[in-house]
Protein chains: 2
Amino acid sequence: MSDLSKLRELFPELEEELYNEIIQVGVIKEVPAGTTILQVAQPIRTVMLVLDGVVKLYQEDDEGDEYFIYHIEPGQACAVSMVCAYKQEKSTVTAKSVTDVVLLTVPLEYMDKWLQKYKSWHYFVIKTYRSRYEELLRTVSEIAFRNMDERLEFYLKRQVKQFGKHVKLTHQDIANDLNSSREVISRLMKKMEKNGWINIHRNSFEWIRD
Amino acid sequence: MSDLSKLRELFPELEEELYNEIIQVGVIKEVPAGTTILQVAQPIRTVMLVLDGVVKLYQEDDEGDEYFIYHIEPGQACAVSMVCAYKQEKSTVTAKSVTDVVLLTVPLEYMDKWLQKYKSWHYFVIKTYRSRYEELLRTVSEIAFRNMDERLEFYLKRQVKQFGKHVKLTHQDIANDLNSSREVISRLMKKMEKNGWINIHRNSFEWIRD
DNA sequence: CTGCTTATGTGACAGGTATCACATACCATT
DNA sequence: AATGGTATGTGATACCTGTCACATAAGCAG
């Protein structure tokens with residue numbers, strides 16, 4: 001399949017002329033699983049569209065602790081790379097490929113140019129911010145109000161939704177994403193297994209409820 | 001001062017024709033301090049621009065617990081009321097007037113109409129989302145990584161920045177905003193007073209450091 | 001099969017914070 | 001000045017979760 005038709009399929013809301021521009025100036029990047037794609041601390045000079053694979057976004061603090069925020073899927077753009085275009089705050093957001101990923105990177109100057117030129121791009125940018133804003137609100141609510149067991153459940157469900165009932169993550173991975181510790185996660189997951197919610201395997205778990 | 005010139009002053013980036021439209025279709029609402037202005041749970045049919053006073057945005061959960069997110073000042077719009085235009089998720093965001101507030105409310109249908117018609121409105125909407133998105137990221141980072149003493153410091157500094165060195169809030173108010181309890185806040189503030197950061201008064205405190 | 005590496009299980013303990021109980025202090029009103 | 005209502009101070013206690021120590025189990029390489 002050509003890049004053009006793939007773009008059309010993944011981003012169906014854009015204008016025909018814009019597809020052509022994207023193809024012309026965009027650079028396809030293939031990134032293996034586990035690569036750090038961007039960090040807010042470093043100035044970013046490109047906007048990224050995800051064509052294939054899953055990218056994970058998380059906050060990182062000074063001591064290297066992480067907190068999982070959300071996934072970016074094919075057909076979505078990285079709101080952070082759009083934010084970075086402008087002023088840079090201290091918050092250290094990091095994007096990492098969870099699977100092998102295919103990105104389309106566009107130099108930042110086109111971001112503004114296209115905002116001037118294409119209505120569809122405008123809507124796309126607004127849509128991206130809007131949905132990410134909502135997602136962040138939900139995350140705030142989770143951390144602010146819920147205990148670890150509830151947050152773990154919410155987290156696991158998100159992973160299952162993204163990757164299917166059989167999710168390949170160690171307890172340590174999960175603990176990192178929730179800024180918790182392995183032992184806590186192991187204990188809570190054991191409890192979930194006893195309650196018949198999941199099966200625990202080595203390096204993975206399986207959601208067997210709902 | 002006329003509404004028009006006030007608009008121009010507060011929202012200097014908009015187009016002349018748009019100012020006129022806003023004046024024509026917008027409704028000025030004066031809201032006393034302490035009023036709940038919007039809740040995501042209820043469908044919202046207007047976009048709100050703040051002309052005067054301070055609006056506070058916070059998350060609320062089922063049991064009525066709150067978590068302070070950010071302030072909306074004159075010259076800013078409520079990103080939530082823009083989000084609400086579209087799909088509605090479970091998260092219950094509430095906006096409340098902290099001081100007496102003057103709002104300009106615009107029926108939601110103009111949101112889209114103006115996006116079609118005015119470039120400046122597009123930029124304004126994007127700017128609003130972008131800055132709120134950044135703010136939310138910082139909030140996530142605070143709750144995820146910091147203990148109550150650090151979050152309290154961050155919170156108090158924001159209040160000081162917004163209202164000046166002398167802030168009128170009881171310990172109970174603060175505890176509500178941070179989803180903590182009065183006793184905890186009292187103890188931590190006592191410690192801050194001992195360290196020479198603040199003076200504690202009845203119903204208020206005073207920032208005396210930095 | 002054996003041993004090595006990594007993942008998971010589990011008890012003991014510690015620190016942070018929520019909760020309860022109650023004391024004290026401040027302010028407005030009479 | 002006395003009273004009542006509200007705000008603040010403070011100890012005791014309990015729960016949640018992070019940490020340490022170590023045991024057990026699963027998979028891989030030889």
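Per chain, numbering begins at 1; letters A, B, ... match sequence-line order.
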Please answer whether the main-chain N or O of A:T170 pairs with a side-chain N or O of A:N203 as donor and acceptor at a distance below 3.5 Å. no
Restricting to nitrogen or oxygen on both sides, can you table the protein-nucleotides 24-26 of chain D pairs closer than 3.5 Å?
residue	atom	partner	partner atom	Å
D:dA26	N3	A:R202	NH1	3.3

Distance only, no hydrogens: is a donor on one side chain within 3.5 Å (strictly under) of an acceptor on the other, for A:Q59 and B:R138? no
What integer distance in Å separates B:I200:CD1 from C:dT24:C1'? 15 Å
Between CG of A:L169 and P of C:dA7 the distance, given in whole Å, is 12 Å
Which comes earlier along DNA chain D counting from the 5' end, the contact point of A:R151 or that of A:N203, where each point is its nearest nucleotide? A:R151
Under 6.0 Å between ring centres, would you say that holds for B:H71 and B:Y58? no
Checking side chain to side chain contact (heavy atoms under 4.5 Å, CB included) between A:L51 and each of A:V101, A:V102, A:D3, which is the one that passes? A:V102
I need the CD1-C1' distance between B:I198 and D:dG9, as an integer number of Å. 14 Å
Would A:R158 and A:Y70 count as a cation-pi pair here, with the cationic atom under 6.0 angstrom from the ring centre and within 45° of the axis? no
Considering residues at least two apart in sequence or located in another chain, which fulfil the side chain to side chain contact (heavy atoms under 4.5 Å, CB included) criterion with A:A144? B:Y67, B:I143
Going by the salt bridge (Lys or Arg N to Asp or Glu O under 4.0 Å) test, which pairs reach into residues 170-185 of chain A, not counting sequence neighbours? A:K56-A:D177
Counting only N and O atoms by type, is there a donor-acceptor contact under 3.5 Å from the side chain of A:T99 to the main-chain atoms of A:A33? no
What is the distance from CG of A:D65 to C1' of D:dT19, rounded to the nearest Å? 14 Å
Ion pair check, A:E109 and A:R45, cut-off under 4.0 Å: no
We want to know whether A:T94 and A:E60 form a side-chain donor-acceptor pair, criterion being a heavy-atom distance below 3.5 angstrom. yes
Could you state the atom-to-atom distance from NZ of B:K168 to P of C:dC26 in whole Å? 16 Å
Can you pull out the residues from residues 170-191 of chain A that lie within a 4.0 Å heavy-atom distance of DNA chain C? A:T170, A:H171, A:R182, A:E183, A:S186, A:R187, A:K190
Qualifying ring-ring contact (aromatic ring centres under 6.0 Å, His included) pairs with a residue from residues 169-210 of chain A, counting only residues at least two apart or across chains: A:H166-A:H201
Atom pairs, N/O to N/O, protein against nucleotides 14-16 of chain C, distance under 3.5 Å?
none

Taken to the nearest whole Å, CZ/A:F145 to C1'/C:dA18 is 16 Å
